[in-house]
Structures are given as structure tokens and as C-alpha cells.
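Down below is the structure, laid out as C-alpha cells.
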Number of protein chains: 2
Amino acid sequence: MTVVKKKTIKDVAELANVSISTVSNALNGVNVVTPETKQRVLKAAAELNYVPNLMGKQLRSGETKMLGFFTDSVSGPYFYVLVEAISRAVAKLGYGMQVIVPSDHKTLMNNILGNVVDGAIIFEHMINDDDIQQILMHSVPTVLLDRPAHGPKMSSFIFNSQAEGYEATKYLLNLGHRRLGFLAGYENNHDSHLRYAGFKQAIEEAGLNSDEMPVLSGLFEEEASYNAVKSYLHYADEPATAFLAGNDLSAIGAMKAIVSLGYKVAEDFSVMGFDDIEISQYFRPALTTVRNPIARQGILAVDELLAMINGRVGGTEQVLDGELVIRDSTGFAKR
Amino acid sequence: MTVVKKKTIKDVAELANVSISTVSNALNGVNVVTPETKQRVLKAAAELNYVPNLMGKQLRSGETKMLGFFTDSVSGPYFYVLVEAISRAVAKLGYGMQVIVPSDHKTLMNNILGNVVDGAIIFEHMINDDDIQQILMHSVPTVLLDRPAHGPKMSSFIFNSQAEGYEATKYLLNLGHRRLGFLAGYENNHDSHLRYAGFKQAIEEAGLNSDEMPVLSGLFEEEASYNAVKSYLHYADEPATAFLAGNDLSAIGAMKAIVSLGYKVAEDFSVMGFDDIEISQYFRPALTTVRNPIARQGILAVDELLAMINGRVGGTEQVLDGELVIRDSTGFAKR
DNA sequence: TTTGCTTTGGCAAGCGCTTTCACGAAACTT
DNA sequence: AAGTTTCGTGAAAGCGCTTGCCAAAGCAAA
């Protein structure tokens with residue numbers, strides 16, 4: 001096995017005894033080359049192990065046939081469902097996908113705006129309002145996930161978090177619960193706020209006072225939620241009989257706290273989450289939760305992005321509805 | 001908000017009243033520009049919202065400061081632990097990472113060899129032996145995961161599957177089990193074969209006959225394993241008292257089968273898996289398994305890759321040891 | 001043979017950038 | 001005052017590729 005200097009289109013041209021442009025035409029299937037010439041070129045290319053330099057190609061043609069999915073973290077169950085859906089949809093349409101995890105903010109923006117990809121799918125918390133202005137100015141086709149912003153060549157898909165919070169709470173209310181606790185997520189999280197807004201709305205509609213309902217800090221984390229619920233249950237005189245957690249992880253923390261105090265989930269305290277992450281169906285008791293159409297979001301994002309790349313102006317803002325998944329962590333109120 | 005034509009380095013040069021090269025020098029921190037000139041350039045660049053075209057940059061410089069992680073599927077719990085680890089390690093070293101999910105094999109190879117990334121991390125099943133030869137010829141720095149192959153600029157990291165199979169089996173043997181079943185993975189899977197080899201080795205060492213031990217087809221899937229174990233338990237006269245599954249998913253299928261037949265996991269039948277995926281600790285009973293150092297594999301892969309990019313020849317083949325994680329799905333043999 | 005048309009392949013420009021090199025001015029040295 | 005060094009800047013080459021345009025060649029018709 002010999003390591004050889006990288007071959008260029010020029011080398012192929014020389015070996016096949018044709019011009020560079022002919023090689024390019026032959027290799028790209030442009031139909032202006034006689035079959036014999038084409039064969040000669042293909043043979044030469046194979047012989048030299050020629051692989052086109054995509055940088056050159058892309059610089060010249062101005063397109064990369066790649067969609068970029070920009071994110072800073074790839075952990076979490078939400079993530080890979082999304083990426084899986086996106087990558088399949090993208091491949092079906094003749095594009096490739098790159099998940100780009102940039103080392104810093106500048107690299108991020110350079111990658112979005114620097115012609116590395118033909119279009120970008122961007123996670124909510126990756127960029128700020130200034131960045132959005134930048135992207136708009138450069139008119140890079142973009143789809144924003146979980147962040148409502150739009151403009152020409154920029155669309156967004158968000159979950160209907162308030163409605164979901166409302167529906168979830170109503171479900172709990174219908175089970176007879178009258179004292180409900182809410183386990184909030186991060187301080188500034190959009191979704192957490194909306195879910196709480198839905199929670200409040202349902203409470204008020206039922207004729208109850210939402211200010212009397214305890215709001216615990218769960219931070220979207222299992223441990224923080226565990227601690228919050230445990231100490232709450234310890235000190236509360238007449239504790240809530242049902243908890244709506246900001247997400248499934250938080251709900252799992254709550255359930256563990258309940259069990260650790262010797263109570264039974266569903267029987268003594270109902271718990272509900274959001275997201276329907278994979279664990280939720282395996283955990284015992286299996287978690288009642290609200291499932292977001294994550295995969296659908298990814299597929300729609302790709303469709304929208306490709307439409308924009310191919311000339312449609314875009315600029316829509318679509319709201320995706322969730323779905324109640326009732327399992328074993330919720331039950332009728334006994335008190 | 002006005003959409004403007006894409007600005008190039010030339011536009012910045014004109015506005016700042018300097019040459020193109022001076023702009024380049026100023027922007028890239030090359031220290032041959034007077035502070036005043038540099039300021040002027042920076043101001044002009046900001047004013048024009050200039051973002052360098054990475055294609056041009058990379059074509060010229062021949063490096064992308066990007067590492068590529070090539071995979072066809074991004075699902076599975078194994079995957080995102082790995083990507084998370086890789087992306088963090090990469091960012092720390094001033095590189096970016098791209099997870100590239102190509103639409104077809106040709107695209108894959110073009111992306112690996114077409115100067116899109118400075119180095120590649122490739123999953124076992126993505127490429128065949130010919131591809132490896134190709135990569136070697138083009139001397140693209142590469143790290144192979146779970147596939148033992150190497151050469152100049154090509155290293156690999158594999159798990160010590162046989163030793164893990166051996167240790168897991170010994171653990172079961174020490175619990176007193178004398179009839180052990182093995183739930184095999186895919187037909188041609190390297191890891192599955194090695195795990196079974198370790199299984200056999202431990203059995204023989206204990207003075208038992210490995211040919212008498214039932215091998216069920218679990219296909220690394222929950223459902224297939226469920227069915228295999230259920231029908232086995234149904235028909236076997238003196239069934240095995242412990243099952244070593246090819247992976248955790250398979251083990252979970254086995255446990256569900258056991259429960260569905262009215263037996264108790266651990267008490268009636270012990271079950272063990274491989275991988276320690278996230279679900280395993282949440283499932284009840286929590287699964288005894290063998291944890292592979294996935295994150296460590298990712299970090300080591302990045303280190304090795306960067307070393308090769310920076311000139312080291314590489315070509316090592318490193319074996320990573322797993323670790324027994326004992327939880328609640330295994331117990332002493334009662335029969 | 002000449003003319004007009006189509007087919008085939010080659011030339012050269014240029015995508016946006018970095019980098020080498022040379023030039024001229026300013027700051028030194030003798 | 002003349003030679004030498006230092007330093008900032010710009011001109012231009014060229015990374016590998018595609019593509020518009022033109023020349024050559026083949027062929028049919030006149």
C-alpha cells in the first residue's frame with residue numbers, strides 16, 4: 001500500500017488525455033461527452049483513486065448540498081429522536097446532514113453564515129436576537145426550533161406548550177385533584193413558563209385559586225426535583241395530591257421522592273411530566289406525560305428548509321400540538 | 001431590515017481603503033498590521049456584516065479545523081453518549097465537530113476523502129475493507145470505532161468484548177448458576193461473537209459443557225429477545241436459570257418475558273446485559289450489566305485523531321476494558 | 001467544393017481566500 | 001550624507017473546481 005499525493009482533476013485529465021473541463025463534465029454526468037471519452041475519464045479517475053475536493057467544488061458552485069443542524073449539546077433523549085428524523089428526511093431528498101457542535105459562538109455564526117451549509121436548523125437556546133438579525137441579513141435559509149421568530153427565509157416550529165400545560169392540568173383536575181403542585185424548569189425557560197401559564201389557566205377555569213398552588217423548583221433535573229419534592233412533602237401540612245413536572249426527568253425525580261418517603265405513586269400522589277422521553281415508558285410506575293411530536297418537528301423542519309433553499313420565501317411559524325400519554329403514575333384523588 | 005448581497009473580503013478592503021491582504025492579516029490576527037489600520041478594517045468588516053466564506057478559506061488553507069464523525073444512524077443510547085463526549089473534547093481543543101450522516105455510500109466516501117474535515121471518526125459498520133484501503137491511500141487521519149484495523153494515520157479503539165463476556169459469565173457462575181443461556185445478537189456481529197466466545201471460555205473453565213447451554217436469537221432487540229425467551233421458557237424441561245443477553249435491550253426483553261410468565265427476575269431467573277444504557281438503571285429490577293467506557297472511547301478517539309492530524313503517525317489499536325455493574329436483575333441460583 | 005449546422009472538447013475566467021514576495025518609507029547606522 | 005535595516009502594505013499567484021464561450025471537427029445539404 002503506497003501513500004500518494006492527493007490527486008486532482010488535473011491529474012485525471014492528464015492521464016485520460018483530455019482537458020480538465022471534459023473530466024468535470026464526464027464525472028458530473030453532463031451529457032456533452034461521448035461515451036468513449038467518458039469511459040476513458042472514469043477509468044483514469046478510478047486508477048488514480050480520484051476523489052473530488054469538495055471545498056473547490058463548493059466554492060465554485062456556491063452550494064454544498066448539506067443541511068446543518070446546529071446545537072451545543074447532543075445529550076438528552078429529545079435530541080437524538082430529532083436528529084434521527086432529520087437525517088432520514090434529509091437523505092431522502094438527496095442532501096446530507098451535518099450536526100455541527102461549534103466550539104464557541106463565533107465559530108457557530110461563521111458556520112451558519114460562512115456557506116458551509118445550504119441551510120440551517122437551529123436550536124432555540126443557541127442564538128440570541130442579534131444573531132437572528134444577522135442571519136436574516138445574510139438571508140441564509142433557516143429553521144428555528146422552539147423559538148418563535150421568523151422573516152424571509154426563516155421559519156420556526158414550536159410546541160404548543162401552553163395548551164399542553166392546560167390539557168395536562170385538566171386531566172389531573174378531572175381525576176379529582178384539587179391541590180396541584182407545579183415543578184418549574186429553568187428560570188428563563190420559555191417552555192416552562194408556557195406550561196405554567198397553561199397550568200394556571202386550567203386551575204382558574206376550574207374555579208380554584210392558582211396562587212395557592214405550590215410552585216417548586218425542579219430545574220428540569222431529576223435530583224433537584226427529588227430534593228424539592230422531598231422537602232416539600234416533609235413540611236407541608238396539607239400537601240398537593242398531584243404534581244405536574246416541567247419535564248419527564250423532573251417527574252422521575254418527584255416519583256423517587258414520593259417512594260423514598262414511603263408513599264405510593266398514583267395511589268397517594270399523582271405525577272405527570274412532559275416530553276415522553278424513552279425512559280418514561282420503562283420507569284415503574286410508567287409515567288403519564290405529554291408527548292411532543294419531536295420526529296414530526298424534524299421532518300417538517302427539513303421540508304420547510306428545502307423549500308426555502310429552492311426559492312420559496314418561507315417565514316412561517318408553525319405550532320405543533322402535543323398528545324396526552326396516560327400511563328400509571330396518575331390516579332384518582334383520594335383526599 | 002435590508003437583505004444585501006453577500007459581502008466578501010474585497011468589499012471590506014474597499015471600504016477600509018486597504019488591500020485585500022491587509023484585511024486578511026488584520027482579521028486573522030497576523031501581527032504585521034498597525035493598530036490603526038487594524039481598527040479601520042475591523043470597523044469596516046463590522047459595518048458590512050462581513051463573515052468570511054469558509055469554503056474559500058478552507059480551499060486555500062487546506063484545513064477545516066473540523067473533525068467529522070461519520071455514522072448512518074444516530075439513534076440508540078450508545079450514540080449520544082459518544083457524540084457528547086467527542087464534541088466536548090473537540091471543542092476544548094479548538095476544533096469543531098460535524099456528525100455527518102451521508103445519504104449514500106458515495107457521499108460518505110466523498111466526505112471522508114474530499115477535504116471536508118481534517119480527520120474522521122468512523123463507526124464500525126459504515127465502511128468495508130475496500131473503503132479502509134481507500135482511506136489509507138489518501139492518508140486521511142482516521143479513528144475507527146469498534147473495528148480492529150490500522151495503518152499509518154489510522155488507529156482504532158475496540159471494546160474488550162471477549163473478556164467482558166468471560167467476566168460476566170463468571171459472575172453468573174459464582175452465583176451458583178450451572179445452566180446458562182446466551183441471547184445472541186445479529187448474525188455477523190463482531191461483538192456478539194466475542195461475547196459468546198468469552199461466555200464459552202468461562203463455562204468450559206468451570207468444567208461445564210458449553211454445547212449444552214442454549215443459545216437464543218435475541219438480535220440485540222427487545223422484542224425478538226422477549227419472544228425467544230418466552231418460547232424457550234415455555235418448552236424447555238429444565239430451563240437455564242440465568243441468561244446472558246447480547247446487550248441491555250435484549251436483556252430487557254428477556255426480563256419482560258420472564259415477568260409475563262409469572263416468574264420473578266433475579267429470584268427465579270437471573271438476567272445480565274451489556275452496555276449499561278441509560279434505561280438499565282431505571283428499569284425495575286435495575287439491570288446487572290457490563291458498562292463499556294463509551295465516553296472515554298470518544299475522548300481517546302479525539303486525542304488520537306488530533307495527534308495524527310498534528311503529525312504523529314498513529315496506527316495503534318487500543319482495547320478498552322469494560323466494568324461489571326451489579327444491580328438487581330441477578331441473584332443466587334436456587335435450583 | 002463550399003456552406004450551414006450540430007456536436008465535442010478545450011480555454012480561461014473566477015468563486016473567496018491566504019500567503020509569498022517585493023516595494024517604498026521610515027528609522028537606524030556608519 | 002550615504003548605506004543598511006526594519007516595518008507596513010499591496011500585487012499577484014494559486015488552492016480545485018465549474019461553466020460560458022469559442023474553436024474544431026464532423027456531417028449533411030447545396
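The figures that follow rest on heavy atoms only: side chains count, while hydrogens, waters and symmetry mates do not. A, B, ... follow the sequence lines: proteins, then strands. Residue 1 opens every chain.
- The shortest side-chain heavy-atom distance between B/Q297 and B/L82 falls under the 4.5 Å cut-off.
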B/H138 and B/I112: side chain to side chain contact (heavy atoms under 4.5 Å, CB included), yes or no, with the steps?
-> CA-CA 10 Å; B/H138 286 259; B/I112 295 177; over 6 Å; no

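- Side-chain N/O atoms of B/N110 and B/T107 include no donor and acceptor closer than 3.5 Å.
- With B/K57 as the fixed residue, the side chain to side chain contact (heavy atoms under 4.5 Å, CB included) test singles out one of B/L54, B/L59, B/N53: B/L54.
- A salt bridge is absent between B/D11 and B/K6: the closest approach of a Lys/Arg side-chain nitrogen to an acidic carboxylate oxygen does not fall below 4.0 angstrom.
- Regarding B/R40, its CZ atom lies at a distance of 11 Å from the C1' atom of D/dT9, rounded to whole Å.
- Counting non-hydrogen atoms under 4.0 angstrom, B/N115 reaches nothing in the nucleic acid.
- Considering only side-chain N and O atoms, B/T37 lies under 4.0 angstrom from the phosphate OP1 or OP2 of D/dT9.
- Residue B/T34 places at least one side-chain N or O under 4.0 Å from the OP1 or OP2 atom of D/dT9.
- At a threshold of 4.0 Å, the pair B/R40-B/E36 does not count as salt-bridged, since none of the basic side-chain nitrogens sits closer than that to a carboxylate oxygen.
- Look at A/K92 and A/D303 and you find no salt bridge, because none of the NZ, NE, NH1 or NH2 atoms lies under 4.0 Å from a carboxylate O.
- Contacts between residues 8-25 of chain A and DNA chain C, defined by a heavy-atom separation below 4.0 Å, involve A/V18, A/S19, A/S21, A/T22, listed by number.
- Each of A/D191, A/D146, A/N189 was evaluated against A/S161; a single residue qualifies, A/D191, per the side-chain hydrogen bond (donor to acceptor under 3.5 Å, both in side chains) test.
- Distance B/L59 CG to D/dA13 C1': 13 Å, rounded to the nearest Å.
- When DNA chain C is scanned 5' to 3' for any atom under 4.0 Å from a heavy atom of chain B, the first and last hits are C/dG16 to C/dT19.
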